[in-house]
Amino acid sequence: METPVGVLLLRPLSTYLQQELSKRYALFKYWQVPPHLRREFLGEHANSITAVVVNGVQGADADLIDALPLLEIVASHSSGLDKIDLDKCREKGIRVTYTPDALTNEVADMAVSLTLATLRRICEADRYVRSGEWKNGDFKLTTKFSGKSVGIIGLGRIGSAIARRVEAFGCSIGYYSRSQKPSSKYRYYSSVIELATNSDILIVACALTPETHHIVDREVIDVLGRNGIIVNIARGSHIDQAELISALVEGRLGGAGLDVLEHEPEVPDSLVGLDNVVLSPHVGASTFETRKTMADLVVGNLEAHFANRPLLNPVI
């Protein structure tokens with residue numbers, strides 16, 4: 001009898017994905033192994049595991065890759081690749097796939113939702129009603145979205161989808177990226193500082209690389225100014241979180257809408273206590289529809305690899 005392909009799933013992703021993987025492969029659930037026993041676990045199953053499924057929170061680092069000598073493919077349940085050691089994969093000839101298009105619309109929707117929630121203080125207003133404060137007087141005035149200047153860092157799939165949505169609010173749109181997009185009708189700025197200087201709202205939508213780590217720093221925050229807001233639906237490490245908190249506390253920045261944090265799931269108490277911040281737990285792509293599509297792409301890429309067919313979404 002043929003030995004089934006062994007697949008290591010690092011995190012408890014959707015039940016649907018787990019079921020689909022279990023139908024086809026011998027599924028190893030890494031999160032169920034106590035951390036102090038994981039090295040032993042990998043050693044025990046090293047000759048069985050030929051595929052690893054990761055996501056944007058927990059990926060395949062050099063240690064994990066080295067612990068699995070028969071590893072052939074890393075399939076990411078994410079559009080981000082910053083948690084995968086791509087150089088190590090190239091060195092060992094390991095294929096890498098991801099799910100770039102499946103979550104574009106949902107994450108773009110989330111960016112607009114966070115922008116509205118931050119400008120209109122929707123979460124704070126909700127607490128105001130629930131606490132009974134409405135009986136004592138009207139809620140304070142907030143700021144409109146329509147007609148604002150919006151700067152987008154990264155005009156890729158998600159950044160472009162955000163821009164299309166923001167157009168409906170009558171906003172002027174500028175962007176910064178590694179290079180100017182000749183086909184884009186939006187205004188290009190050659191630096192993030194210049195973009196922030198000309199924006200009321202700054203939305204982070206680029207990939208996390210060594211070059212984009214802390215791309216939003218104190219200087220960027222200060223030129224955005226006391227009435228500006230920052231929205232981040234990309235990766236927490238794009239923003240210098242300590243400087244962001246300092247600016248929010250000191251009133252040098254108007255507000256922030258954050259779906260990601262620099263050291264998630266750790267949330268600084270100083271951030272939790274701010275009413276001018278809207279927080280969500282990295283759920284930009286967390287809809288039933290998107291997670292099913294992403295799961296199908298993960299499974300499809302694995303099936304293609306083990307059947308010697310072209311990968312659906314190859315990175316390497």
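These figures come from a predicted structure and were not determined experimentally. Note: hydrogens, waters and symmetry copies are ignored here, and every other heavy atom, side chains too, is used.
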#### Entry: Identified side-chain contact (heavy atoms from CB on, under 4.5 Å) counterpart of L10 within the set V54, V53, N55
V54
### Query
Counting distance only, does the side-chain N/O of H238 pair as donor-acceptor with the main-chain N or O of A207 below 3.5 Å?
yes
#### Entry: Within 6.0 Å of CZ in R38, more than 12 heavy atoms from elsewhere
yes
### Task
For G257 and T118, work out which heavy atoms get closest and say how close.
CA-OG1, 3.4 Å
### Summary
Heavy-atom nearest pair, I316 first then L86, reads CD1-O, 3.7 Å
### Message
Between N301 (side chain only) and L312 (backbone N and O only), is there a donor and an acceptor less than 3.5 Å apart?
### Response
yes
### Message
Between K23 and E20, does any NZ, NE, NH1 or NH2 come within less than 4.0 Å of an OD or OE carboxylate oxygen?
### Response
yes
### Message
Please report the interatomic distance OG1(T287) to NZ(K292), rounded to the nearest 0.5 Å.
### Response
12.0 Å
### Query
Just wondering, do V272 and V277 contact through their side chains at under 4.5 Å, heavy atoms?
no
### Query
So, R164 versus N105: side-chain donor-acceptor pair below 3.5 Å or not?
no
#### Entry: Joint cluster assignment, L253 & V231, ILVMFWY side-chain distance < 4.5 Å
no
### Query
Taking D259 for the side chain and V283 for the main chain, is one N or O donor matched with an acceptor at less than 3.5 Å?
yes
### Query
Which value, rounded to the nearest 0.5 Å, describes the distance between E106 atom CD and D109 atom CG?
6.5 Å
#### Entry: D138 atom CG, over 12 foreign heavy atoms within 6.0 Å
no
### Message
Quick check on W134: does its CH2 atom have over 12 non-hydrogen neighbours (other residues, nucleotides or ligands) under 6.0 Å away?
### Response
no
### Message
For P314, is there any backbone N or O sitting under 3.5 Å from a side-chain donor or acceptor partner on T97?
### Response
no
### Message
Between D240 and R218 (salt bridge meaning N to carboxylate O under 4.0 Å), is one present in this structure?
### Response
no
### L71 reachable from V33 in the ILVMFWY side-chain graph, under 4.5 Å edges
yes
### Task
Assess the side chains of S149 and S199: does a donor N or O sit below 3.5 Å from an acceptor N or O?
no
### Query
Checking T212 side chain against T209 main chain: does a donor-acceptor pair fall under 3.5 Å?
yes
### Message
Quick check on Q58: does its CD atom have over 12 non-hydrogen neighbours (other residues, nucleotides or ligands) under 6.0 Å away?
### Response
yes
### Query
Among side-chain atoms of R120 and T142, is any donor-acceptor pair under 3.5 angstrom?
yes
### Query
How about F139 and E124: do any of their side-chain heavy atoms sit closer than 4.5 Å?
yes
### Query
Are any of the side-chain heavy atoms of L17 and V299 separated by less than 4.5 Å?
yes
### Query
Is the number of heavy atoms from other residues, nucleotides or ligands within 6.0 Å of NZ (K148) greater than 12?
yes
### Query
When rounded to the nearest 0.5 angstrom, what is the spacing between CG in L261 and CD in E266?
10.0 Å
### Query
With side chains defined as the heavy atoms from C-beta onward, is the minimum distance between R39 and D63 less than 4.5 Å?
no
### Query
If you group Ile, Leu, Val, Met, Phe, Trp and Tyr by side-chain heavy-atom gaps below 4.5 Å, do I162 and L116 land in one group?
yes
### Query
Looking at L195, V166, T115, which hits side-chain contact (heavy atoms from CB on, under 4.5 Å) with V150?
V166
### Message
To the nearest 0.5 Å, what is the distance between CG on L224 and CG on L202?
### Response
5.5 Å
### Query
What's the spacing between H45 NE2 and F28 CZ if we round to 0.5 Å?
5.5 Å
### Task
Flag the pair H77 / Y98 as yes when at least one side-chain heavy-atom distance between them is below 4.5 Å, and no otherwise.
no
### Task
Answer yes or no: does atom CZ of R226 have more than 12 heavy-atom neighbours from other residues, nucleotides or ligands under 6.0 Å?
no
### Message
I'd like to know if L302 and L70 are part of one continuous hydrophobic network [Ile/Leu/Val/Met/Phe/Trp/Tyr, side-chain heavy atoms within less than 4.5 Å].
### Response
no
### Query
Does I203 belong to the same Ile/Leu/Val/Met/Phe/Trp/Tyr cluster as F145, with side-chain heavy atoms less than 4.5 Å apart forming each link?
yes
### Query
Judged by atom type as modelled, is there a donor-acceptor pair below 3.5 Å linking the side chain of S184 to the main-chain atoms of Q180?
no
### Message
Whether the side chain of S177 engages the backbone of S179 through a donor-acceptor N/O pair (distance < 3.5 Å, no angle test) should be reported.
### Response
yes
### Task
Could you tell me whether the side chain of T290 and the main chain of S286 form a donor-acceptor pair under 3.5 Å?
no
### Message
I'd like to know if E72 and R95 make a salt bridge, using a cut-off of under 4.0 Å between side-chain N and carboxylate O.
### Response
no
### Query
Looking at S79 and L103, what are the two nearest heavy atoms and their distance?
OG-CD1, 3.5 Å
### Query
Does the pair D66/K92 count as a salt bridge with the N-to-O cut at 4.0 Å?
yes
### Message
According to salt bridge (charged side-chain N to carboxylate O under 4.0 Å, His left out), does anything in residues 181-191 pair up with another residue at least two apart or in another chain? List the pairs.
### Response
E167-K185
### Task
Kindly say whether L37 contributes a backbone atom to a donor-acceptor pair with the side chain of E40 at under 3.5 angstrom?
no
#### Entry: K140 atom NZ, neighbour heavy-atom count above 12 within 6.0 Å
yes
#### Entry: side-chain contact (heavy atoms from CB on, under 4.5 Å) evaluation trace for Y30 with L42
CA-CA 9 Å; Y30 196 53; L42 291 175; 3.7 Å; yes
### Cationic N near anionic O, under 4.0 Å, K88 to D61
no
### Summary
In terms of heavy-atom contacts, A46 and L68 come closest through CA-CD2, 4.2 Å
### Task
For H282 and E264, run side chain to side chain donor-acceptor pair (under 3.5 Å): C-alpha distance rounded to whole Å, both residues' side-chain angles, the deciding distance at 0.1 Å, then the answer.
CA-CA 9 Å; H282 202 153; E264 58 188 50; 2.5 Å; yes
### Query
Does a sphere of radius 6.0 Å around CZ in R178 hold more than 12 heavy atoms from other residues, nucleotides or ligands, not counting ones at 6.0 Å or beyond?
no
### Query
So, do E303 and Y25 sit near enough that their side-chain heavy atoms are less than 4.5 Å apart?
yes
### Query
How are the rings of Y188 and Y176 set to each other: parallel, tilted or perpendicular (split at 30° and 60°)?
parallel
### Query
Is the backbone of A242 close enough, under 3.5 Å, to the side chain of S246 for a donor and an acceptor to pair up by distance?
no
### Message
Looking at R235 and E262, is there a salt bridge between them, counting it only when a charged N and a carboxylate O are closer than 4.0 Å?
### Response
no
### Message
Under 6.0 Å between ring centres: does that hold for Y175 and Y186?
### Response
no
### Message
Would you compute the distance between atom CD of E219 and atom OG of S191 and round it to the nearest 0.5 angstrom?
### Response
8.5 Å
### Query
Does some side-chain heavy atom of I230 sit less than 4.5 Å from a side-chain heavy atom of I239?
yes
### Query
Using 4.0 Å as the upper bound for N to carboxylate O, is an ion pair formed by R252 and D222?
yes
### Summary
Shortest non-hydrogen pair, K83 vs G56, comes out as CG-O, 3.4 Å
### Query
Shortest non-hydrogen contact from A163 to I173?
O-CD1, 3.3 Å
### Query
So, S131 and E133: side-chain donor and acceptor under 3.5 Å apart, yes or no?
no
